[in-house]
Every structure is written in structure tokens, then in C-alpha cells.
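Read through the structure below, which is laid out as C-alpha cells, and then see the notes.
The model shown is predicted, which means the values in this text are computed figures rather than measured ones.
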Amino acid sequence: MTRRRQYGEVANLLQGVMNVLEHFHKYMGIPQIRQLSERVKAAQTELGQQILADFEEAFPSQGSKRPGGPSNVLRDACLIANILDPRIKQEIIKKFIKQHLSEYLVLFQENQDVAWLDKIDRRYAWIKRQLVDYEEKFGRMFPREWYMTERIAVEFCHVTRTELAKIMRTRAKEIEVKLLLFAIQRTTNFEGFLAKRFSGCTLTDGALKKLESPPPSTNPFLEDESTPEMEELAMEKGDSDQPKKPKAPDNPFHGIVSKCFEPHLYVYIESQDKNLGELIDRFVADFKAQGPPKPNTDEGGAVLPSCADLFVYYKKCMVQCSQLSTGEPMIALTTIFQKYLREYAWKILSGNLPKTTSSSGGLTISSLLKEKEGSEAAKFTLEELCLICSILSTAEYCLATTQQLEEKLKEKVDVSLTERINLTGEMDTFSTVISNSIQLLVQDLDAACDPALTAMSKMQWQNVEHVGDQSPYVTSVILHIKQNVPIIRDNLASTRKYFTQFCIKFANSFIPKFITHLFKCKPISMVGAEQLLLDTHSLKMVLLDLPSIGSQVVRKAPASYTKIVVKGMTRAEMILKVVMAPHEPSVVFVDNYIKLLTDCSTETFQKILDMKGLKRSEQSSMLELFRQRLPTPPAGPEAASSLSLLAPTPEQESSRIRKLEKLIKKRL
């Protein structure tokens, strides 16, 4: 049958003989059994050599003879190859595929015009035609479980990757970014076509495996990213509360050809560096041309549109680059991102913050006391205040979005490289812009109030004859607060926490400054101290109401802010209360001071005595008494607890405030 090439009958008989022979495997010590086994092996060897010769004749690997067509003899020979040594089958497959792709290597030689990247489509069109041609001519000749169509496609991919890598090395200087992206796009499209057509079961060491269902993915970051727009939306809004889509399996053919482009992706990275540089320059020019945001509640404080444009472009680049490579090029792209995040923070945000003047107010006391609405004490215009708020809001948006960008980059890159992605420095830069913006707003309002405080300290408080309404300097401070704070609050409506920070920083700046100027009010008469106490109480009420001043919606001030105002202004009130107290007998006065102010500093006590207008001789005896009456803090761990006892409890503070209010009402 072998000599007559009756391979169909041989295949059935040979399989039966081998099955029977298996039962006699343990009897190979018997000569007759061993001889029969050797005869079967000899028959198998003869069959294998004959089948290989038949395929070589039908599909010659060399020479000008055209390959023959399919035949029933060769189809049956494949059935025998399934039974014989696996090397026979592998040899048949290898020779057939090599012969089938021989034309490709000639057509697309390195020196041919069609071999270059601009005509890469022709490579993929050629293999698609070949696969159709194979199915029509030889589809029935090879057993289905040999997956010959897929094997031809896979070998084509390996050859193409090698050939493209070779020609790109030779002509590296001719690779432009558009050409590179075109070639990569066409190649990844082809890899996607292969994934739809084939299972990828021949990719692992040539071993066949049956794919009943896609294997579970081991990539924890795998998502359905069908469109960049969907990713942008997820990045901006966060996808924590979005329903998770079922994870798609990896494309087994991803990178089978496109991996050859990775060494040349520096061209893409350099291009993005240039594009982003031009984008930042355009943002700078647009800002200069269009000017700051218009001063109204709809636009003022709004996020600058340029920052959204920047992050949309970043997202596009990130998705594009991750499709090209998840290795070192992604790290290089991250470095470019960092560079232009810093540039955006410097050139667009910090660079456009209004500059403060070095002088601290130029108004005279007389003009201040006569000042009306429309005071010129505030350094920043309405437009400038709106711009600062807009830059602050933009920096907050950039800070939050940069954090999301870092997370997304870590998802896209190889797990081994995630440690190298760190945008903390850039986030800190945006935090600095926020902090500087708040500081500018505080300095502006603070500076506007300075002339009023100076006027307060220059007034002749010993000549005040009666307690009246609040003093002009208080009206001036309130006017500036009412001018600035509502604008800032409205323009920071979307960033409430930073408005609270502004309020806290202003209170922490204004109150100590107010107390410093309070000490400069000397000497003070009893009536003068009462007037100052009334003024201090008025300022305290305004400061407590500062977060919602001028607002139709009255919202309770944050507890953290209220605590600072109550603590600071109560101290101011207590200073005045001590000043109002008679200094005789001295012991009672000193003890009262220690009880009310809990301040063991002789410097502060000296300032109180100056405010009272005591002579130096009286002051020296008082200071000596003060030093004697001071409680001596115990050494060691008890010191801390004893110091804490000096501070008034909230209940004591509240009681003092109530008494003070009664006193003011009585005076009024």
C-alpha cells in the first residue's frame, strides 16, 4: 500500500497496528514481539520519508517548477503524518509555509519601492489575498486541526516584523512622525483583523491548543477603551461610580508586527514635545489677546479653557502612545507631560497673577477719616480679583486632574515601570499656585485695611470725651471687607474649601496686626478705652460674619474659622478690659491681668502699662510686682499641664464675652 501510495488505507491500518502494539509494550523482551515492533517502526520511517518526498515534489522549495495543486494523495498523506513522529508534520508545515511566502520576500525586498512604510498597506493586502487563495486551493488538503491558515498568517507577521525592522534601521533618517503613525495605525488595524479571524492558538511554541473560551485576563487595569472620548469623560468625572463593563480579552496578535516600531517611537515623543511647546505658546498668546476673564459671577473665577484643552491633548497622546507601546516610550512621554505641566503652571497661571506693589498704602489719616465709598485703598481692581480667583480655580482643576493623569499612566504602562511614574512634583507646583493666589487675596485685603489701622493708632484716645458710634477707621475696614469678600466668595463658589482657607488666612493676618496697632494706641482714657472696646466688638461681629457677608444665603461660618476669630478678638477685648481696670491697688490689677490675659510676658504687661499712661516710676514697681506674682511653672512633665491651666476654658471665654456684651450695651 505504501508503494502504491494508498495512504488512506494505510492511515487506517497503521493506526490499528499501533493501537494493538501498545498492548504488547511490556512484552518487548520476547524476540518475536520485538521484531514485529521494529518492522512497524521501519514501515513508519519509510512512510515518513516517502510523504516528505511527495510534498517536496508537489511544492518544491527551490527551482523554477511551479507548485502543484492539491491532491487526494497528499490529503491522505496528512492523515498519516498525524500518526507518525510529530517532526514529520512540523516539517511538512514548515516547508509548505516557506514555499507559500517565497513570493512575498521577492516582491517586498528591501530595495523595492513597495517595501517602504508609505506603502505598508500593500503588504497586508497581499497576505489577505494569499489567505483567500489558500482557502480556495488547499483548504481541504490539510486537516482542520492543523490551523494552516493561521500558521501562514503568523509566519507572515514574523517575516514582516523582521523585514520592517531591517529597512527602518537602514532608512531611520527618513522616518517622520506622520509616516510612522500611519504605518503603526495600519499595522495595528491588521493585528485587529487577525484577532477577529483567528484564535491565536498557534502562537505558543507551535503547540496546538483548543480555545473553548477566552482565558481570564491577568491585567488588573484592563478596560474597554473603545474611544478616546469615553476615556476623557472617565478621566474628568472619575469612573468610581460608573458601571464596570465586562473586560475584553487581550488581542493575542497585539505587537506581533507593530513591536518593530518601538525603537523608533522617539520620533513620536519628540513630535509631542514640539506640539506641546507650541500649544503652551498658543495659550500664552491667546491669554494676552483675550485678556483676563470678565468680572461677573458667570465667568469670573471660572477655570481657564486652556487647561481643559491641555488635558484633552494629554489624554489623546496617552491613549495613542499606549497603543504603540506600554514600555519605555510611555516613561518618555510622562517626562514630556511633566515638563509642560510645570510650564503651564509657570507661564499661564503664576505668570498671569497680578503683581503687588511694594508700598503699603499711600493715604493720609485725614483723607482716610473722610473717605467715602469707592475707596482707592484696595490695590487690585475688580478684574484683577476675578483673575486671581480664576487662576486659583484653574490650579485646583489641574491639581485634581494631574492626580488622575498619574493613575491613568500607571494603568497604561507595564507593571514593572509603574514606580517610575510620579507626578507629585507637578501637583506640588499647582498647590503652590493655589497658595500664592490665596496669599495675594489676603495681602490685598490686608493692605487695604492698613491705613485704617494706622489711623486708629494715630488717634488721640486720651482726648475722647464720649462713646459714640463706631469710629471711621472701623467703617473703612468694614467697607473694604464688603467690597472684596463677596467678589472672592462668588468667584470661588466651585472651590469652597479654598474660600475658607482665604478667610482663615485673612483672620490670622488681620487680628494680630490689629492687636499690634491696639498697643500703639497710647495713652488711653477710660472713655477712649470704652470706644475702642465698642470698635473691637464691631470688628469682631463683622469678622464672624465675614464668610457670608453680603450674601443672600446666610451660611454658618466654618468652626475652624470661628474659633480663630473668637480667640483672637477676645484677646483684644481682654487687653482693653485690663486697660479700663483701675491700677490701684496694684496687686489686684496684676492678678486681674494674669487671670484675664494668661500672658506671662513682661513685654506685653509693659505695653498695657504704656496704654494706661503710667509714669516710668509707677511702671517699674508694677513690673517688679508682676514678676513676683507670676505663677512659677513646675519643672518636668507637670510643666505642660500647669501651662494649660493658665489658658481659659471655652466656658470661661463664653462667660467673659457675655459680660463684655452687657458692658457695651450699658455704655451705649
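We find the CE-CG distance between Met456 and Asp535 to be 8.5 Å, quoted to the nearest 0.5 Å. Remark: Asn436 CG to Leu349 CG distance equals 11.0 Å, nearest 0.5 Å. One finds the CD atom of Gln470 at 4.0 Å from the OG1 atom of Thr475 (value rounded to the nearest 0.5 Å). To the nearest 0.5 Å, the span separating OG1 on Thr602 from CZ on Arg627 amounts to 5.5 Å. The distance from the CD1 atom of Ile280 to the CG atom of Asn275 is 12.0 Å, given to the nearest 0.5 Å. Note that OG of Ser390 is 13.5 Å distant from CD of Glu384, once rounded to the nearest 0.5 Å.
Side chain of Arg571 to backbone of Pro512: no donor-acceptor contact under 3.5 angstrom is found. Using a distance-only test at 3.5 Å, with no hydrogens or angles considered, no donor-acceptor pair links the side chain of Asn592 to the main chain of Val588. Checking side-chain atoms of Gln272 against main-chain N and O of Leu333 turns up no donor-acceptor pair under 3.5 Å. Under the 3.5 Å distance criterion, the side-chain polar atoms of Trp461 are left unmatched by any main-chain donor or acceptor of Leu532. A distance-only check finds no donor-acceptor pair linking the side chain of Ser471 to the backbone of Tyr473 [under 3.5 Å]. A side-chain donor-acceptor contact under 3.5 Å links Thr432 to the backbone of Asp428. The backbone N or O of Tyr397 lies less than 3.5 Å from a partner atom in the side chain of Thr401, making a donor-acceptor pair. Put simply, the side chain of His517 never gets that close to the backbone of Ser457: no donor and acceptor are under 3.5 Å apart. At distances below 3.5 Å, not a single donor-acceptor pair connects side-chain atoms of Lys497 with backbone N or O atoms of Thr495.
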For this session: Walk me through it: do Ile438 and Ile434 pass the test side chain to side chain contact (heavy atoms under 4.5 Å, CB included)?
Result: CA-CA 6 Å; Ile438 293 171; Ile434 292 170; 4.0 Å; yes

Problem set entry | Evaluation steps, side chain to side chain contact (heavy atoms under 4.5 Å, CB included), between Leu544 and Val566 | CA-CA 8 Å; Leu544 285 172; Val566 169; 4.0 Å; yes

For this session: Kindly indicate, with the supporting measurements, whether the criterion side chain to side chain contact (heavy atoms under 4.5 Å, CB included) is fulfilled by Phe589 and Val578.
Result: CA-CA 8 Å; Phe589 177 78; Val578 170; 3.9 Å; yes

Problem set entry | Intermediate values then yes/no, side chain to side chain donor-acceptor pair (under 3.5 Å), Ser306 and Tyr344 | CA-CA 9 Å; Ser306 58; Tyr344 186 84; 2.6 Å; yes

Problem set entry | Step-by-step side chain to side chain contact (heavy atoms under 4.5 Å, CB included) determination, Val542 to Ser538 | CA-CA 6 Å; Val542 170; Ser538 298; 5.7 Å; no

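For Tyr561, the ring-ring contact (aromatic ring centres under 6.0 Å, His included) criterion is met by no residue, not counting sequence neighbours. Scored by the salt bridge (charged side-chain N to carboxylate O under 4.0 Å, His left out) test, Arg496 finds no partners at all (sequence neighbours excluded). The ring-ring contact (aromatic ring centres under 6.0 Å, His included) check on Phe430 picks up nothing, with sequence neighbours excluded. Applying the side chain to side chain contact (heavy atoms under 4.5 Å, CB included) rule to Gln338 yields the partners Thr334, Thr335, Arg342, Leu423, Glu426; only residues at least two apart in sequence or on another chain are considered. Every residue two or more places apart in sequence or in another chain that forms a ring-ring contact (aromatic ring centres under 6.0 Å, His included) with Phe506 is listed here: Phe510. Qualifying side chain to side chain contact (heavy atoms under 4.5 Å, CB included) partners for Lys615, counting only residues two or more places apart in sequence or in other chains: Ser617, Glu618.
Shortest non-hydrogen contact noted between Pro486 and Ile549 is CG-O, 3.6 Å. Taking each heavy atom of Lys355 and Ser350 in turn, the nearest pair found is NZ-O, 4.5 Å.
Using cut-offs of 30° and 60° on the angle between ring planes, the pair Phe337 and Tyr314 is parallel. The aromatic rings of Tyr593 and Phe626 stand perpendicular to each other, their planes meeting at an angle above 60°, with 30° marking the opposite boundary.
Using a 4.0 Å cut-off between charged nitrogen and carboxylate oxygen, Lys595 and Asp591 do not count as a salt-bridge pair.
More than 12 heavy atoms of other residues, nucleotides or ligands shown are found within 6.0 angstrom of CD on Gln628. No more than 12 heavy atoms of other residues, nucleotides or ligands sit less than 6.0 Å from atom NZ of Lys563. No more than 12 heavy atoms of other residues, nucleotides or ligands shown are found within 6.0 angstrom of CD on Glu465.
Looking only at side-chain heavy atoms (C-beta outward), Ser560 and Ile504 come within less than 4.5 Å of each other.
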